[in-house]
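All chains are named by letter (A, B, ...) in the order of the sequence lines, taking the proteins before the strands, and each is independently numbered beginning at 1. Both backbone and side-chain heavy atoms feed into the values below; hydrogens, waters and symmetry mates do not.
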Protein chains: 2
Amino acid sequence: MARTTRPTLTHVAASAGVSVSTASLAFSGAGPVSERTRQRVLDAAAELGYAGPDPMARSLRQGRTGIIGVVFAERLRHAFRDPVAIALLDGLAEELGPVGPGLLVLTGNDERAGPSTEQLAAAPLDAAVFATCDLEEEPLVEPLRVREIPMVGIEGPRMPGVSLVDIDNIGASREVTEHILSLGHKRIAAVVLPWRPGRQRGFLDRARRDLSGSVVFADRLRGTEEAIGASVHAWEAAASTVEEGRAAGRALLDVDEPPTAIVAHSDLLAAGVIQAAHELGLRVPEDLSVAGFDGIDTPWLDPLTLTTAVQPMVEKGRIAGRMVTDLLAGRTPEDVLLPVHLRVGGTTAPPR
Amino acid sequence: MARTTRPTLTHVAASAGVSVSTASLAFSGAGPVSERTRQRVLDAAAELGYAGPDPMARSLRQGRTGIIGVVFAERLRHAFRDPVAIALLDGLAEELGPVGPGLLVLTGNDERAGPSTEQLAAAPLDAAVFATCDLEEEPLVEPLRVREIPMVGIEGPRMPGVSLVDIDNIGASREVTEHILSLGHKRIAAVVLPWRPGRQRGFLDRARRDLSGSVVFADRLRGTEEAIGASVHAWEAAASTVEEGRAAGRALLDVDEPPTAIVAHSDLLAAGVIQAAHELGLRVPEDLSVAGFDGIDTPWLDPLTLTTAVQPMVEKGRIAGRMVTDLLAGRTPEDVLLPVHLRVGGTTAPPR
DNA sequence: CCCCTCGGTCGAATCGTTTCGATCGAAACG
DNA sequence: CGTTTCGATCGAAACGATTCGACCGAGGGG
């Protein structure tokens, strides 16, 4: 009587005295089954210790796993340090949660590489969301395209076969910079996001600029420069973190004639800049105006509120989730461009 | 010639003029195949646009998916705000990355609930890691146990069938408190982690204490009280965040005779307490000593270094990963207790 | 010169479901 | 009372691979 192997639907059906197909229906509820039969099946299952239909077998038959992959082109530790990425995931989880088992996080192990092509080719996904912005350089899209797996990109370049959730990086960045300009600032510097490929820290010179960077990062710089009408003195951060912002702040501020305003292309960078300013004895916003980008919570800056471009981070995830749902239902969602709005906080003021 | 459906191994084999079994071997490399044949198969595959063996079919046959589930009993947004959880995930990913497709994050959608039982029953996992500490209250273990899925718990209570990676919460917490005592402090207060169930904010009174809280949280409190030799004046935070720490700090410090030292049971809480102290015009460590727990990076406290109990966060994940590997290989790993060491920083000093 | 071995290849069984079409009895209808 | 209809149930065919044992020839050892 004792079976060493786990019970299957066949065993349950036999024990309940019904056919496998009926037993299956009893579990899935996808067909007409009399209450009595259903109960017999469930009882038999309980008695045998049957845990319900095997997910793998079910997947094979149905052709889907319910798993949505989220691709990061960074090591997990770095990707998850970014509040924007977390918010995105949260929105995604919120939208997709009830649907399937969950989110499969696909990251690289390397400091800056994403998951391997083999990993992507072998992952049991129904759809994938590219959370990183450097879509075009990624050879990661190809294996999924071959498998005909629906893909959604976040703030990436437009690519055939990849639905896009985008935000108006150029416009928002321009708006922030215009705000700074309208306050009367003349000496403005920028802290830009890491310029792919090969994140490094340092002044963004001509040569570096000419490398094709990531769309997002390039767009934010472009917005700033469009507002100024000229190229801006910029420092490139190696990552979007407070520490990097601090290093940037030090480099930009600890000079003879420091800027009176710094436009940082992320809130974390801005926070670092403010910290550096404080360390150098500069007051914000009296001696230095600082603006950020993203609109994350910055309780540690309290009582200061950061002037920044607020993007709908969680909403981005939700919309991506809805796109995934649409794609899986066979519909073709249109690309979405989400609005970003300027929030004037207490970190910007007219120059003295 | 045009096929509307995606090619399968059968098509590839036919096109290459070999049997399916041989084609399979050519892909998996698990058997002797002549170089010539292998090449023919790969060529045929390329020509047909065959993306490699279907993950679901492969899973069904092999009985495993390569997916490791990570269970959080919280909404993703909250779970991922905790640097300790991120570090754990990072260590896990590092250890398991090369093995399989990735980590399946299983969270609830509710503010404080984990994934549903059905979700767990239907997830195609090879093994699961419980990242939350409240293992015992979770009905989540059961569905996985029935499915005979190997489980690893982090800092949870000892449970049959669940391998454990633990840290010495009691000892470490005692050590931190002893350090405070050795500096000569008499008026000591604590900020404890949320006391399950029903996270709320407020003084930890008798009634609340008597509820069986989570092991970790209880252990850290116990360590503190063992050192003091009496029950401690404690504030319960609703979450392990800077904001909550700040609220706690306000409540504990904005009174007639405030404590001269506060032991916070997480670094984030400690950071909040320090912030609250500053807001109240208290200097750290001159007017108030503050200690934390965890040993996360706190660049924003710079130049202050937090006095804290440093736990090997990433290592915890790595070890959990190794345990998973062992379990999948049929070995039965022993439970692990990782050391935690006191790091004396600049936030603690003798009382004035 | 024969037998054994071994690399390379193949057929067929199997993994555990879901699902389609057929069947069967009973109720409903004319 | 015969025919339709419909709900409940069942058999059998997928789903797309892996894997085990068998087979076949060539090369090596006796």
Heavy-atom pair with the smallest gap, counting every atom of B:Ala51 and A:Val146:
CB-CG1, 3.4 Å
Can you tell if the side chain of A:Ile67 reaches within under 4.5 Å of the side chain of B:Ile67, non-hydrogen atoms only?
yes
How about CZ on A:Arg145, more than 12 heavy atoms from neighbouring residues, nucleotides or ligands closer than 6.0 Å, or not?
yes
What are the two closest heavy atoms between A:Leu328 and A:Pro150, and how far apart are they?
CD2-CG, 4.2 Å
When B:Met56 and B:Leu25 are each assigned the nearest nucleotide of DNA chain D, the 5'-most assignment goes to B:Met56
What is the nucleic acid contact for A:Pro53, judged by heavy atoms within less than 4.0 Å: base, sugar-phosphate only, or nothing?
sugar-phosphate
In B:Val70, B:Leu125, B:Val129, the residue satisfying side chain to side chain contact (heavy atoms under 4.5 Å, CB included) with B:Leu106 is B:Leu125
Given atom CG of B:Leu9 and atom P of C:dC15, what is their separation to the nearest angstrom?
20 Å
If you count every heavy atom of other residues, nucleotides or ligands that lies below 6.0 Å from A:Arg64 atom CZ, does the total exceed 12?
no
When you measure from the side-chain N and O atoms of B:Thr22 to the phosphate of C:dG8, is any distance below 4.0 Å, counting only OP1 and OP2?
no
Round to the nearest Å and state the distance from B:Arg36 atom CZ to C:dT9 atom C1'.
12 Å
Tell me what A:Tyr50 touches on the nucleic acid: a base, only sugar-phosphate, or nothing, going by heavy atoms under 4.0 Å.
sugar-phosphate
Difference in axis direction between the ends of the helix from C:dC1-D:dG30 to C:dG30-D:dC1, five pairs, 10°
40°
With side chains defined as the heavy atoms from C-beta onward, is the minimum distance between B:Val336 and B:Met323 less than 4.5 Å?
yes
Quickly work out the A:Leu48 CG to C:dG16 C1' distance and round it to whole Å.
15 Å
Salt bridge A:Glu95-A:Arg322, side-chain N to carboxylate O under 4.0 Å
yes
Walking along DNA chain D from 5' to 3', note the first and the last nucleotide with an atom under 4.0 Å from a heavy atom of chain A, and give both.
D:dA8 to D:dG16
Can a donor-acceptor pair be found between the side chains of A:Ser24 and A:Ser21 at a distance below 3.5 Å?
no
B:Phe80 ring center near B:Phe72 ring center (under 6.0 Å):
yes
Answer with base, sugar-phosphate or nothing: what part of the nucleic acid does A:Thr37 contact at a heavy-atom distance below 4.0 Å?
sugar-phosphate
B:His78 and B:Arg75, any side-chain heavy atoms less than 4.5 Å apart
yes
Please work out if B:Ser24 contacts a base, only the sugar-phosphate, or nothing of the nucleic acid, heavy-atom cut-off 4.0 Å.
base
Nearest-nucleotide 5' precedence on DNA chain C, A:Arg64 against A:Leu60
A:Leu60
Taking only nitrogen or oxygen atoms into account, show me every contact under 3.5 Å that the protein makes with nucleotides 11-14 of chain C, one pair per line with its distance.
{"from": "C:dG11", "atom 1": "N7", "to": "B:Ser21", "atom 2": "OG", "distance (Å)": "3.2"}
{"from": "C:dG11", "atom 1": "O6", "to": "B:Ser21", "atom 2": "OG", "distance (Å)": "3.3"}
{"from": "C:dT14", "atom 1": "O2", "to": "B:Arg61", "atom 2": "NH1", "distance (Å)": "3.2"}

